[in-house]
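This report refers to the structure that appears directly beneath it.
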Amino acid sequence: MIQTLSQTEADHSGLPPSRVQCISPYVNPAHVLSPPRHWLEALLNGRYSWPFFRLRYKHLLRSRFKAEPERFFTLLAASEAGGALHLTCHCLTEHCHRELAREFLEHLRANRLAVGATRRTAKRPPPPRAHAPRQGMVLATLIEHPLHAHSRQP
Ligand SMILES: [Zn+2]
């Protein structure tokens, strides 16, 4: 599971550091979920609307996922082993990108499970072909035919 917290909430939560990842570009600019700082500043001063930021950020995550999928799968694995993974940041705006990051990862998790299910179905062996009873019928015909022919002789 993936949850989102403000950094202040996380600081007071008593969560172990291994369960918390800060995705603020000011604190952790190298994180795969951190947007560029100037995007957040544009959001704050009104140059970017939230829908526009949302669009750009999701596009950014998709292209990062294409380039380095294993970094995203590592986050998913961390969110499945030993409790929830908590994403935090210091956004001062009404909306925060951490909610979009959580949506993206959960979408990825659902898709990965769908891909896994398809693979399992494909690996299933084909059902056995039902030719045995037909062989039996052919044999019965061969055995019965001479007797039948004989009894018809005058
Ligand atoms: Zn944020």
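All ligand and atom numbering here is 1-based and tracks the order in the structure.
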For this session: For the pair Phe53 and His97, name the ring-plane relationship: parallel under 30°, tilted 30 to 60°, perpendicular over 60°.
Result: perpendicular

Problem set entry | the Zn ion (ligand 1): angle it makes with SG (Cys96) and SG (Cys91), nearest 10 degrees | 120°

Exercise. Out of the N/O/S atoms in His97, what is the name of the one closest to the Zn ion (ligand 1)?
Worked result: ND1

Exercise. Under 2.8 Å from the Zn ion (ligand 1), is there an N/O/S atom belonging to His90?
Worked result: no

Exercise. Is there side-chain contact between Thr88 and Arg98, with heavy atoms separated by less than 4.5 Å?
Worked result: no

Problem set entry | Counterpart residues, side-chain hydrogen bond (donor to acceptor under 3.5 Å, both in side chains), relative to Glu68 (two or more places apart) | Arg71

Seminar exercise, completed: Closest non-hydrogen contact found for Ala81 with Arg19 is O-NH1, 3.2 Å

